[in-house]
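Worksheet: the structure to be examined is printed underneath.
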2 protein chains.
Amino acid sequence: MERTPPHPEMDRFDLQRVLEALVDPVRRSIVAQLDAAGEDIACGAFDISVSKSTATHHFKVLREAGLIRQYYVGTSRLNALRRTEMDQAFPGLLDAVIPARAAGR
Amino acid sequence: MERTPPHPEMDRFDLQRVLEALVDPVRRSIVAQLDAAGEDIACGAFDISVSKSTATHHFKVLREAGLIRQYYVGTSRLNALRRTEMDQAFPGLLDAVIPARAAGR
DNA sequence: GTCGAAATTCGATGACTATCGTACTTGTGC
DNA sequence: GCACAAGTACGATAGTCATCGAATTTCGAC
């Protein structure tokens, strides 16, 4: 079975989809943690207050919107923020939505 | 009875609230039309595809998030985009979210 | 092969919300 | 006064979605 889930190409990014992903506080927190860390993070290593199955759901939404890229390393699934692509598709959006960025970088 | 509805002050703007308002396509269209027009517009003069009662609901959400200011002139209620305040509170957000703005201004 | 860790899948559920029609209020004009 | 126009308020409804637990898959280590 293929273990690499589908990711949208950059030219198929959809603003509506991205906004729906970013409107959830938990998902926005995931994005913010990825941005702050500056490195890829495993699903289980995030500081979030929901169950694992709910977390899986959030990662899927973020991935399908194009905000993150997911790949396996062993049993862990690493998450990478697609910041460059997002910035190109929707300039200023992530900066406006991630608190740490908005607050003077 | 007081006819001026409550508006949040700028220092009480809440990102979560603003995003919830902007995630709806109808509301984003209202904001975009206000931005493009550059002048205040009456509730009934927008190009939207929902009933009047639904429109009222959307205007209320936008107002309570701080995105628009509403005031009466006769039986009409005019809507003004609070762009300056929004730009100050969340720099780059409206630019990123309004298509006309995002597409090279 | 067996065990445990990491994550997904699969319903089920509860809450929220966009939508509408109808009734009502408010103001203008005659 | 009356009629009309512009919006609002009020339920009601249907669809979506965040959440969870339990069962399952996949991989690494022993």
Side-chain angles (χ1 to χ4, degrees), chain A residues 1-7 14-34 37 39-65 67-80, chain B residues 1-7 14-34 37 39-65 67-80:
Chain A
M1 196 227 286
E2 182 53 81
R3 301 207 73 212
T4 301
H7 292 76
D14 176 49
L15 176 60
Q16 183 62 36
R17 208 90 180 266
V18 173
L19 286 179
E20 284 168 2
L22 289 175
V23 78
D24 186 280
V26 175
R27 288 195 287 264
R28 219 159 55 246
S29 167
I30 292 174
V31 170
Q33 289 178 50
L34 275 175
E39 60 181 8
D40 303 352
I41 306 180
C43 291
F46 284 88
D47 180 22
I48 50 180
S49 54
V50 293
S51 73
K52 250 199 311 191
S53 52
T54 300
T56 296
H57 164 66
H58 286 312
F59 287 119
K60 181 181 178 187
V61 173
L62 287 172
R63 167 168 44 82
E64 292 181 343
L67 280 157
I68 63 173
R69 195 176 291 279
Q70 297 189 290
Y71 58 96
Y72 278 95
V73 174
T75 62
S76 290
R77 192 173 216 175
L78 289 190
N79 301 277
Chain B
M1 196 226 283
E2 182 54 79
R3 303 207 72 212
T4 301
H7 293 75
D14 177 48
L15 176 60
Q16 183 61 37
R17 208 84 179 271
V18 173
L19 286 179
E20 283 168 2
L22 289 175
V23 78
D24 186 280
V26 175
R27 288 194 289 263
R28 215 157 59 245
S29 166
I30 291 174
V31 170
Q33 289 179 50
L34 276 175
E39 61 179 7
D40 302 354
I41 305 180
C43 290
F46 284 89
D47 180 23
I48 50 180
S49 55
V50 293
S51 72
K52 251 196 318 188
S53 52
T54 301
T56 296
H57 164 66
H58 286 311
F59 287 118
K60 181 181 178 187
V61 173
L62 287 171
R63 168 169 43 82
E64 292 181 343
L67 280 157
I68 63 173
R69 194 176 292 278
Q70 297 190 290
Y71 58 97
Y72 278 95
V73 174
T75 62
S76 290
R77 192 173 216 176
L78 290 190
N79 302 276

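First the proteins, then the strands, lettered A, B, ... as listed; each starts at 1.
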A:R28 CZ to D:dA18 P, in whole Å, measures 12 Å
Value for CD1 (B:I30) from CG (B:N79), rounded to nearest 0.5 Å, stands at 7.5 Å
B:I48 atom CD1 is separated from D:dA6 atom C1', nearest whole Å, by 13 Å
For B:H7 and B:I68, the nearest pair of non-hydrogen atoms, with its separation, is CD2-O, 3.6 Å
Here the distance between atom P of D:dA18 and atom CD of B:Q16, to the nearest Å, is 11 Å
On a heavy-atom basis, the closest approach of A:H58 and A:R27 is ND1-NH1, 3.1 Å
One should read off an interatomic distance between A:R63 CZ and A:K60 NZ, to the nearest 0.5 angstrom, of 7.0 Å
Residue pairs meeting side-chain hydrogen bond (donor to acceptor under 3.5 Å, both in side chains), one or both in residues 40-49 of chain B, sequence neighbours left out, come to B:D40-B:Y71
note: B:E20, atom CD; C:dC16, atom C1'; distance rounded to Å ~ 10 Å
In whole angstroms, the gap separating C1' of D:dA9 from CD of B:E64 amounts to 14 Å
Taken to the nearest whole Å, CG/B:N79 to C1'/D:dG7 is 11 Å
Find every protein N or O atom lying less than 3.5 Å from an N or O atom of nucleotides 3-9 of chain C, and list the pairs.
residue	atom	partner	partner atom	Å
C:dA6	O4'	A:T75	OG1	3.3
C:dA7	OP1	A:C43	N	3.2
C:dA7	OP1	A:R77	N	3.4
C:dA7	OP2	A:G44	N	2.9
C:dA7	N7	A:K52	NZ	2.9
C:dT8	OP1	A:R77	NH1	2.1
C:dT8	OP2	A:T56	OG1	2.5

Discussion item. Under 4.0 Å from OP1 or OP2 of C:dT17: is there any side-chain N or O of B:H58 that close?
Written reply: no
Rounded to whole Å, the CZ-C1' distance (A:R17 to D:dT16) equals 14 Å
For A:R69, the salt bridge (Lys or Arg N to Asp or Glu O under 4.0 Å) test, sequence neighbours excluded, returns A:E85
